[in-house]
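Here's the structure, in structure tokens; my notes come after.
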Amino acid sequence: MKPTIAITAGDINGIGYEVIIKTLADPHVFEMCKPVVYGNLKVLKEHASTLSDEYHNLQFQLILSPKDAKDGRLSLISCYPDSIPVAIGQSTPDGGKAAFASLERACKDLKAGLVDAIVTAPINKENIQSEQFRFTGHTEYLTSVFGEEGQTDSLMMMVSEQMKVALVCNHTPITKVAQMISEERIMRKLTTLNKALKDDFMIRKPRIAVLALNPHAGDNGLIGQEEKTVIKPAIDKANEQGIMAFGPYSADGFFGAGMYTHFDAILAMYHDQGLIPFKSLDMSGVNYTAGLPIIRTSPDHGTGYDIAGKNQADHLSFAHALYMAVDMIKNRAITAEINKDPLVIPERVEKDDRPRGPFFVPKD
């Protein structure tokens, strides 16, 4: 059966609706999945009116539950009223409220098993803040909703054909990064990354490069001690547990010399260290949240207020996020099947030790 994918509309005044509309206009999408948009039909049509003619007449079916989604049809679940004010290109409190309403409803359906994965359009991390949402982004919110008991973090990954970059610190102020780096935290991230590469990307023996925190990888302690006291010990411990981790590598030389081509993934210490080179190579990558029992992807860009409503948004990153979510569902199913124990151990049968001659007759 084709998987049902929940698509959250994100900020109503950004480019979320535009990239969703452009992606779902491709009929090949329906060969792979049943997409369900969580948003508002009136707002969607308002954004469609700002695009070229080919997008004006997309027909969406209003449904109440993902169970009502039909194969080959565009479906939409209404998450906020038609009266919500739209101010394309501007950050507004209503934009944040609508974004959260869409996300909350989609997560509820994902938790109930009504959809198979979630693809999130961009939110504004400032205007979405409320009593219900006190997080620095999607990743942290989803971890709070879907993480196992006691789980406080997951793994933010950026994925493209060129590289896969994961982060030790997600949306952390640069002044706090050093104090967030610990041997235990790096080990957790390496363990999660290694498992994701195997289960979700089906890489049998992943090779992971670990970046240094300080310039020149600390220059043997001259510039910083974290490489010697924290990062290298974590790498050694990971190796002892069968994780093929290497480093720490000085980030500038690592990317400048193209060393990333020799590894399946890279663990960067903080946001810009990993994402600047990633986005410099490809702005159509995918943000993937690893380490959770659910599958969540998103485009690797923000709300794009400056180009919203101008028919200028490139939808490739969002399209790639949708395709990757479908692939992840298949990969996890294949991995689970491969790892399933094929041996069925029969019940123990009492052994009869009596001698067996040519005229042996079993005892009644």
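Numbers here simply count residues along the sequence, with the first being 1. As the structure is a computational prediction, the values presented were derived from the model and not from experiment. When reading the values below, keep in mind they use all heavy atoms of this one structure, side chains included, and skip hydrogens, waters and symmetry mates.
- Note on Leu155: it does not cluster hydrophobically with Leu142, by side-chain heavy-atom contacts below 4.5 Å among ILVMFWY residues.
- Between the side chain of Lys2 and the backbone N or O of Phe30 there is at least one donor-acceptor pair closer than 3.5 Å.
- By the neighbour-count criterion of 12 heavy atoms within 6.0 Å, atom CD of Glu54 is densely surrounded, having more than that number from other residues, nucleotides or ligands.
- Shown are Thr139, Val286, Asn287; of these, the side-chain contact (heavy atoms from CB on, under 4.5 Å) with Ser298 is made only by Asn287.
- From Thr303, atom OG1 reaches atom CD1 of Ile15 across 7.5 Å, with rounding to the nearest 0.5 Å.
- Ring-plane geometry between Tyr288 and Phe201 is classed as perpendicular, the angle between the planes exceeding 60 degrees on a 0 to 90 degree scale with a lower cut at 30.
- Rounding to the nearest 0.5 Å gives a distance of 9.5 Å between NZ of Lys108 and CG of Leu114.
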**OP:** Could you go through the side chain to side chain donor-acceptor pair (under 3.5 Å) check for Thr92 and Asn13 one step at a time?
**Re:** CA-CA 8 Å; Thr92 67; Asn13 299 315; 3.1 Å; yes
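- Residues passing the ring-ring contact (aromatic ring centres under 6.0 Å, His included) test with Tyr141 are Phe100, Phe133, Phe135, sequence neighbours excluded.
- Although no hydrogens or angles enter the test, the distance criterion places a donor-acceptor pair under 3.5 Å between the side chain of Arg185 and the main chain of Val168.
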**OP:** In sequence, state the C-alpha distance, the side-chain angles, and the governing distance for Asn194 and Ile208, and then conclude on side-chain contact (heavy atoms from CB on, under 4.5 Å).
**Re:** CA-CA 8 Å; Asn194 188 63; Ile208 302 170; 4.2 Å; yes
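- Contact check on Glu18 versus Lys22 returns a salt bridge, with a Lys/Arg side-chain nitrogen under 4.0 Å from an Asp/Glu carboxylate oxygen.
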**OP:** Show your reasoning for whether side-chain contact (heavy atoms from CB on, under 4.5 Å) applies to Asp282 and Glu161.
**Re:** CA-CA 9 Å; Asp282 191 347; Glu161 291 185 3; 5.5 Å; no
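- A salt bridge links Glu184 to Arg188: at least one charged side-chain nitrogen sits closer than 4.0 Å to a carboxylate oxygen.
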Original post:
Between Tyr80 and Lys97, does a side-chain contact (heavy atoms from CB on, under 4.5 Å) hold up when you go through it step by step?
Top reply: CA-CA 9 Å; Tyr80 35 89; Lys97 291 176 184 177; over 6 Å; no
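- In the hydrophobic cluster analysis, where Ile, Leu, Val, Met, Phe, Trp and Tyr join through side-chain heavy atoms closer than 4.5 angstrom, Leu281 is grouped together with Val165.
- In this structure, His216 contributes its side chain and Ser250 its backbone to no donor-acceptor pair below 3.5 Å.
- Within a 6.0 Å sphere centred on NZ of Lys279, other residues, nucleotides and ligands contribute more than 12 heavy atoms.
- Side-chain atoms of Thr50 come within 3.5 Å of backbone atoms of His47 as a donor-acceptor pair (strictly under, hydrogens ignored).
- Here the closest non-hydrogen pair linking Phe246 and Arg207 is CZ-NH1, 3.6 Å.
- The shortest heavy-atom contact between Pro85 and Ile12 is O-CD1, 3.6 Å.
- Cluster annotation: Ile295 and Met324 are assigned to the same hydrophobic cluster (Ile/Leu/Val/Met/Phe/Trp/Tyr, side-chain heavy-atom contacts under 4.5 Å, transitive).
- When all heavy atoms are compared, the tightest approach of Gly285 to Asp300 is N-OD2, 3.3 Å.
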Original post:
For Asn124 and Tyr305, what are the C-alpha separation, side-chain angles and deciding distance, and is it a side chain to side chain donor-acceptor pair (under 3.5 Å)?
Top reply: CA-CA 10 Å; Asn124 180 316; Tyr305 290 135; 3.1 Å; yes
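- From Met163, atom CE reaches atom CE of Met157 across 12.0 Å, with rounding to the nearest 0.5 Å.
- No donor-acceptor pair under 3.5 Å is formed between the side chain of Asn127 and the backbone N or O of Pro93.
- Using a distance-only test at 3.5 Å, with no hydrogens or angles considered, no donor-acceptor pair links the side chain of Glu227 to the main chain of Lys232.
- A single hydrophobic cluster is not seen to contain both Leu64 and Tyr38; linkage of ILVMFWY side chains at heavy-atom distances under 4.5 Å, directly or through other members, places them apart.
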Subject >> Intermediate values then yes/no, side-chain contact (heavy atoms from CB on, under 4.5 Å), Leu24 and Phe60 >> reply: CA-CA 10 Å; Leu24 298 185; Phe60 279 81; 4.2 Å; yes
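- Pairing each heavy atom of Ala321 with each of Pro299, the nearest pair is CB-N, 4.0 Å.
- To the nearest 0.5 Å, atom NZ of residue Lys70 and atom CD of residue Gln61 are 5.5 Å apart.
- With hydrogens and angles disregarded, no donor-acceptor distance shorter than 3.5 Å links the side chain of Ser154 to the backbone of Leu292.
- Residues Ala117 and Ala325 share a closest heavy-atom pair of CB-CB, 4.2 Å.
- Judged purely by atom type and a 3.5 angstrom limit, Thr289 has no side-chain atom pairing as donor or acceptor with the backbone of Met156.
- Under the 4.5 Å side-chain heavy-atom criterion for ILVMFWY residues, no single connected hydrophobic cluster contains both Phe254 and Val210.
- Here the CG-OG1 distance, from Leu197 to Thr192, works out to 10.5 Å after rounding to the nearest 0.5 Å.
- Residue Ala217 comes nearest to Pro248 through the heavy atom pair CB-O, 4.1 Å, listed as atom of the first residue, atom of the second, then distance.
- Taking Tyr260 as the reference, nothing meets the ring-ring contact (aromatic ring centres under 6.0 Å, His included) condition, with sequence neighbours excluded.
- Atoms CD1 and CE, on Ile186 and Met180 in that order, are 11.5 Å from each other to the nearest 0.5 Å.
- With hydrogens and angles disregarded, no donor-acceptor distance shorter than 3.5 Å links the side chain of Glu126 to the backbone of Gly96.
- Heavy-atom neighbours of Asn220 CG from other residues, nucleotides or ligands within 6.0 Å: at or below the threshold of 12.
- Around NZ of Lys310, the count of heavy atoms belonging to other residues, nucleotides or ligands within 6.0 Å exceeds 12.
- Between Asp199 and Arg332 no salt bridge is recorded (no basic side-chain N to carboxylate O distance below 4.0 Å).
- With Asp219 contributing its side chain and Leu222 its backbone, the two residues share no donor-acceptor pair below 3.5 Å.
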